[in-house]
2 protein chains.
Amino acid sequence: MKINKQCIIRLSRYKNALYRLKNLGFVKVFSDNLADAVGSTSAQVRKDFSLFGISGNRRGGYQMDTLLEKLNNILGKDKLQKTIVAGAGNIGSALIGYRGFEKEGIDIVAGFDIDSALINEKAETPIFSLSKLKDFVKHSKIEIGIIAVPDSAAQEVLDLMVEGGIKGVLNFAPISLRAPEHIVINNVNLGIELENLIYFVNAVERTGSRE
Amino acid sequence: MKINKQCIIRLSRYKNALYRLKNLGFVKVFSDNLADAVGSTSAQVRKDFSLFGISGNRRGGYQMDTLLEKLNNILGKDKLQKTIVAGAGNIGSALIGYRGFEKEGIDIVAGFDIDSALINEKAETPIFSLSKLKDFVKHSKIEIGIIAVPDSAAQEVLDLMVEGGIKGVLNFAPISLRAPEHIVINNVNLGIELENLIYFVNAVERTGSRE
DNA sequence: TAGATTGTTAATCGATTAACAATC
DNA sequence: TAGATTGTTAATCGATTAACAATC
C-alpha cells in the first residue's frame, strides 16, 4: 500500500463533501459526484477508495451512509480526540477559542503557557503553566499536541510533549523540529503560505497565467 | 517552465535556511548544505535553482548574498506586501496581532468585521466595518487578502475582495470558494491538518510505521 | 436485456534522483 | 594540475489518468 499525505487529505475532502451532499438529500453518490465536489476525477476517487477496500455497487454507486461510516472509521473520527495547545498567545488562544473543531471530534482540553499572566486554571478550557504540560499529557493520555509558542521555545516544548507521551504534533512555529522517528509532525507555516500566494499573484500579473 | 507550488515552497525554505546559515557566519553555501538544512537532496536544490536561472560557481558553491538577493527577488520580498484580514474573531485577530509577519515583509494594514463590537478604527491595526472593505481595498490598492470569517460568509467576503481588486487570497474557511480564473486562492484548513495528523498517528500505532 | 458505473490494469504524466561531463 | 562541485541530461520513481472488462 502506498498511502501518502495527499491521499488522506482527499479522503477528508470526500468525507466533508459527503456531509454537504447528505444535507442536499443524496442517498447514494457516484464517483463522479464526489470528483466534482472536491475538484478531482472519478478515477482518482475510485482509486482512493480501492486502496482502502471501500467498494460500491457497479451501476449503483456508493451508499452514502456506509461510505461515510467507512471514511470516518479510517480517519479516526469514531472517537473523540483530546488535544492540548502549547502557547496561549495570539495563535494559541485563537485555536483554544475556536469552536469549529468540536464538530470535527477534536476536543482541545487545555492550554499551556510560560507567561503567568495568561494562566487561568478555571477557564472553560483551562490554561496551565507550561511546567505542568508533561504530567498533564501523561495522566490524561493525550496523543495530539499543537505547538503555538515562539520559535525559540518550540523544540523544548516538543521535547516535553514527547516525554509526556504525545504521538503527533501540529506545529505552527516556523522552524523544523527534531523528534524520534515514531512521532508524526505536521507543520503549518503561515509565512510560507503567504509568500507562496504572493509569488503566484505576481506570476499571474507578469505572465497572465500561473506559468 | 514547470513551476509548481511545491517548488516555490522549497524556494522559501532555502531562503529561510540561508538566513540561519548567514547568522552562523557562512559566506558561501554548497547545494549540499542547503539540502541538509531543508531536508532535501543536493540535486533537487540545483535543479530548483536552474529552473530560475540561478547559477553558482563550479567548485565554489553559491555566494550567500547574491543567492539571497535572487531568492528574495523571485519571492517578491523586495517590496512590502500590504494585506488585509476579513474577520476579527479568533483566528482573524490572532493574525492581526501576530507580529511575526513584519520581518517577512508582510504588513497587515487593517481588519474588517461585521460585528460592531469588534470594530475599532483607532487601533494600531484598525478594524473597520466589513461594509468598508471593498473601497478600502480599492483605494489602498491591496492585492492580498486573508479570509478568517465563518464558512457561511466566506464566499460573500471573497466576492467583495475581488470586486475591490484583490488578486490573491489566503482562506481559512473550510469551504471551497469560487473565483475568477486569475484570482489565486490558497487554502489553510486546520481541521483537515489535524485529521491528517490523527490518521498517521493511528497508522504508526497500528503498523509501527507510516504505511 | 441494455446501459451505466465500478474496480483494476495499463499508459501517461510529472517530479525526483542519479550520474557525469564541464569547469572553476 | 588534481579535486570538488556545478549544471544538465537521462533514469527512476510515484502518482494520476485512461481505458475497459466485469457486473449490477
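In the text below, chain A, chain B and the rest are named by the order of the sequence lines, each starting its count at 1.
By the neighbour-count criterion of 12 heavy atoms within 6.0 Å, atom CD of A:E156 is sparsely surrounded, having that number or fewer from other residues, nucleotides or ligands. In this structure, A:E69 places its CD atom where only 12 or fewer heavy-atom neighbours from other residues, nucleotides or ligands lie under 6.0 Å away.
Residues satisfying the salt bridge (Lys or Arg N to Asp or Glu O under 4.0 Å) criterion with A:K138, sequence neighbours excluded, are absent altogether. Listed by chain and residue number, nothing satisfies the side chain to side chain contact (heavy atoms under 4.5 Å, CB included) test with B:D36 (two or more places apart in sequence, or in another chain). Listed by chain and number, the residues in a side-chain hydrogen bond (donor to acceptor under 3.5 Å, both in side chains) with A:D151 amount to none (sequence neighbours excluded). Applying the ring pair (Phe, Tyr, Trp, His ring centres under 6.0 Å) rule to A:F128 yields the partners A:F112, A:F136; only residues at least two apart in sequence or on another chain are considered. Take A:T83 and apply the side-chain hydrogen bond (donor to acceptor under 3.5 Å, both in side chains) test, not counting sequence neighbours, and it matches no residue.
The structure places CG of B:N73 at 10.0 Å from CG of A:N202, a figure rounded to the nearest 0.5 Å. Taking CD1 of A:I175 as the reference point, atom CG of A:N187 lies at 9.5 Å (rounded to 0.5 Å). Of the inter-residue distances, the one linking A:K82 atom NZ with A:I144 atom CD1 reads 12.5 Å to the nearest 0.5 angstrom.
Near-neighbour residues of DNA chain C inside residues 60-72 of chain A, defined by a heavy atom below 4.0 Å, number-ordered: A:G61, A:Y62. Listed in residue order, the members of residues 4-22 of chain A having a heavy atom less than 4.0 Å from DNA chain D are A:N4, A:R10. Contacts with DNA chain D (heavy atom under 4.0 Å) in residues 24-42 of chain A: A:T41, listed by number.
Annotation: side chain of A:F200 is not in contact with side chain of A:V204 (no heavy-atom distance under 4.5 Å). Within the 4.5 Å cutoff, the side chain of B:V27 has heavy atoms near those of the B:Q63 side chain.
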Distances under 3.5 Å between protein N/O atoms and the N/O atoms of nucleotides 19-23 of chain C, please, pair by pair.
unit_1 : atom_1 : unit_2 : atom_2 : d
C:dA19 : N6     : B:R46  : NH2    : 3.3
C:dA22 : N3     : B:R58  : NH1    : 2.9

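The distance between atom CD of B:Q44 and atom C1' of D:dT6, rounded to the nearest whole Å, is 16 Å. Between B:D48 atom CG and C:dT17 atom C1' the separation is 12 Å, expressed in whole Å.
Closest to the side chain of B:K47, out of C:dT16, D:dG7, C:dT8, is C:dT16.
A donor-acceptor pair shorter than 3.5 Å can be found between the side chains of A:Q155 and A:D159.
In DNA chain C, runs of at least 3 consecutive Watson-Crick or G-U pairs, each pair with both distances below 3.5 Å, span C:3-24 with D:3-24.
Within the structure, every pair that satisfies the ring pair (Phe, Tyr, Trp, His ring centres under 6.0 Å) test and touches residues 6-36 of chain A, not counting sequence neighbours, is listed here: A:Y14-A:F49.
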Side-chain donor/acceptor pairs under 3.5 Å, residues 6-13 of chain A, sequence neighbours excluded:
unit_1 : atom_1 : unit_2 : atom_2 : d
A:R10  : NE     : A:D48  : OD2    : 2.7
A:R10  : NH2    : A:Q44  : OE1    : 3.2
A:R10  : NH2    : A:D48  : OD1    : 2.9
A:S12  : OG     : B:E195 : OE2    : 2.5

